[in-house]
Visitor: 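Submitted below is the structure of interest, expressed as structure tokens.
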Amino acid sequence: AYQVKARAYLLKPIARAELYAALDEMVAGMQVEAAARLPVHTKTGVQAVPFAEIVCIEHYKHRLYCRLIDKTVLESVTLRKPLDVIAAPLFADGRFLKISASHVINMQYVVAVRSGFFELADGEILPVTRAYADAKRRYLDYVLREEGEEK
């Protein structure tokens with residue numbers, strides 16, 4: 001059950017009310033997940049990107065580069081806001097972590113933590129700068145919290 005991230009455990013015989021309550025809870029969680037989106041203003045228009053698809057974002061030369069799990073990279077039009085303002089909705093979500101002045105990663109897609117680097121599911125290896133040295137500790141806190149919630 002832990003490996004498949006079960007959200008509920010029902011004993012047989014299953015009461016209809018318990019089953020429906022568990023299913024309602026799962027559907028509500030899926031709806032919240034689907035609603036969480038980051039608007040990215042590109043040359044072709046605004047794209048609302050689901051948080052769950054974002055591997056990382058990079059803010060470079062007044063542009064936002066949003067890397068998705070399918071390896072798509074969305075490039076924004078010129079932005080005049082700081083990264084912390086742009087990424088505020090991501091930080092509020094709890095899955096995202098700033099690891100340098102220009103990078104925010106989705107901790108769901110971290111596959112390895114090395115000395116001074118995070119390796120992401122899309123193969124990208126990003127350095128953690130000294131100013132964000134606590135990023136590894138914060139990632140570990142996230143992993144431990146997620147494992148605790150699964151149990």
Side-chain angles (χ1 to χ4, degrees), residues 1-9 21-151:
Y2 297 133
Q3 289 176 333
V4 296
K5 299 182 180 181
R7 292 184 179 231
Y9 184 79
L23 290 172
D24 287 344
E25 183 179 324
M26 289 187 63
V27 168
M30 291 167 53
Q31 289 171 338
V32 167
E33 174 69 24
R37 295 176 181 270
L38 179 70
V40 178
H41 299 267
T42 66
K43 291 177 184 174
T44 59
V46 178
Q47 293 194 30
V49 183
F51 287 3
E53 294 181 18
I54 300 171
V55 174
C56 77
I57 62 172
E58 179 181 6
H59 192 243
Y60 178 70
K61 292 189 177 183
H62 301 288
R63 293 192 186 273
L64 182 72
Y65 298 89
C66 186
R67 286 206 340 267
L68 308 180
I69 193 61
D70 68 0
K71 301 198 188 245
T72 302
V73 179
L74 299 176
E75 180 182 345
S76 75
V77 294
T78 302
L79 302 170
R80 297 290 178 203
K81 297 177 186 175
L83 179 57
D84 287 338
V85 172
I86 296 166
L90 299 175
F91 297 139
D93 179 72
R95 289 178 280 187
F96 293 85
L97 176 65
K98 190 170 183 182
I99 62 168
S100 70
S102 60
H103 287 96
V104 173
I105 62 171
N106 184 336
M107 292 184 279
Q108 288 182 305
Y109 295 119
V110 172
V111 295
V113 179
R114 306 198 194 298
S115 179
F117 297 91
F118 279 97
E119 182 177 343
L120 303 177
D122 66 352
E124 189 76 17
I125 298 175
L126 298 174
V128 179
T129 59
R130 270 185 283 197
Y132 297 91
D134 72 327
K136 286 189 220 173
R137 179 193 52 77
R138 292 182 60 206
Y139 171 69
L140 182 58
D141 290 345
Y142 168 81
V143 169
L144 293 174
R145 183 175 62 247
E146 288 296 305
E147 285 181 3
E149 289 177 5
E150 288 176 12
K151 292 180 181 178

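Note that these values count all heavy atoms, side chains included, but never hydrogens, waters or copies made by symmetry.
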Visitor: Hey, could you give me the CG/OG1 distance between L64 and T78, rounded to the nearest 0.5 Å?
Guide: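 Result: 11.5 Å between the selected atoms.
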Visitor: Donor-acceptor pair, distance only, cut-off 3.5 Å: does the side chain of K98 make one with the backbone of Y132?
Guide: no
Visitor: Once you round to the nearest 0.5 Å, how far does CG of L140 lie from CZ of R145?
Guide: 10.5 Å
Visitor: Would you find a donor on one side and an acceptor on the other, under 3.5 Å apart, between the side chain of N106 and the backbone of C56?
Guide: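 No; judged by distance alone, with no hydrogens or angles, the pair does not exist.
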Visitor: With rounding to the nearest 0.5 Å, note down the distance linking CG in L97 to CD1 in I105.
Guide: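 With rounding to 0.5 Å, CG (L97) is 5.0 Å from CD1 (I105).
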Visitor: Over all heavy atoms of both residues, which pair between I69 and A121 is shortest? Give the atoms and the distance, please.
Guide: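 The answer is CD1-CB, 4.2 Å.
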Visitor: Within the 4.5 Å heavy-atom criterion, are L126 and F117 side-chain neighbours or not?
Guide: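 Heavy-atom side-chain distance check fails, nothing below 4.5 Å.
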Visitor: Tell me the closest heavy-atom pair linking S102 and L83, and the distance in Å.
Guide: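 Nearest heavy atoms, S102 then L83: C-CD2, 3.7 Å.
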Visitor: Minimum heavy-atom separation for V85 and P89, please, with both atom names.
Guide: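 Smallest heavy-atom distance, with atoms named: O-CD, 4.2 Å.
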Visitor: Take atom OH in Y60; do more than 12 heavy atoms of anything else shown fall under 6.0 Å from it?
Guide: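 Count not over threshold, so no.
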Visitor: Contact between F51 and R95 at the side-chain level, heavy atoms closer than 4.5 Å - yes or no?
Guide: yes
Visitor: If the condition is side chain to side chain contact (heavy atoms under 4.5 Å, CB included), which residues does A112 pass it with, not counting sequence neighbours?
Guide: R114, E119
Visitor: Between atom CD of E124 and atom NZ of K71, what is the distance when rounded to the nearest 0.5 Å?
Guide: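 The NZ atom of K71 is 9.5 Å from CD of E124, to the nearest 0.5 Å.
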Visitor: Which pair of non-hydrogen atoms, one from V128 and one from A135, has the smallest distance, and what is that distance?
Guide: CG1-CB, 4.0 Å
Visitor: A side-chain contact here means heavy atoms from C-beta on lying under 4.5 Å apart; do V49 and L68 qualify?
Guide: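 Counting from C-beta outward, V49 and L68 do come under 4.5 Å.
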Visitor: Tell me, do I86 and K81 make a side-chain contact under 4.5 Å, heavy atoms counted?
Guide: yes
Visitor: Measuring from K61:NZ to L79:CG, what's the distance to the nearest 0.5 Å?
Guide: 15.0 Å
Visitor: So Y65 and I57, do their side chains get closer than 4.5 Å, heavy atoms only?
Guide: no
Visitor: Would you check if V111 and L120 make a side-chain contact, meaning some heavy-atom pair closer than 4.5 Å?
Guide: no
Visitor: Determine whether a donor-acceptor pair (N or O, by modelled atom type, separation under 3.5 Å) exists between the side chain of Y109 and the backbone of A52.
Guide: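 Checked: pair present.
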Visitor: Kindly indicate whether the side chain of K136, heavy atoms from C-beta on, has any atom under 4.5 Å from the side chain of F118.
Guide: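 Answer yes - side chains close enough.
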Visitor: Between S100 and P127, what is the shortest heavy-atom contact and its length?
Guide: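 Shortest heavy-atom separation between S100 and P127 comes out as CB-O, 4.4 Å.
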Visitor: Keeping the roles fixed (side chain from R67, backbone from V55), state whether a donor-acceptor pair exists under 3.5 Å.
Guide: no
Visitor: Working to the nearest 0.5 Å, report the span between CZ of R63 and OG of S76.
Guide: 6.5 Å
Visitor: Does any non-hydrogen side-chain atom of I54 lie less than 4.5 Å from one of C66?
Guide: yes
Visitor: Charged N to carboxylate O below 4.0 Å: is that the case for R138 and D141?
Guide: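 No.
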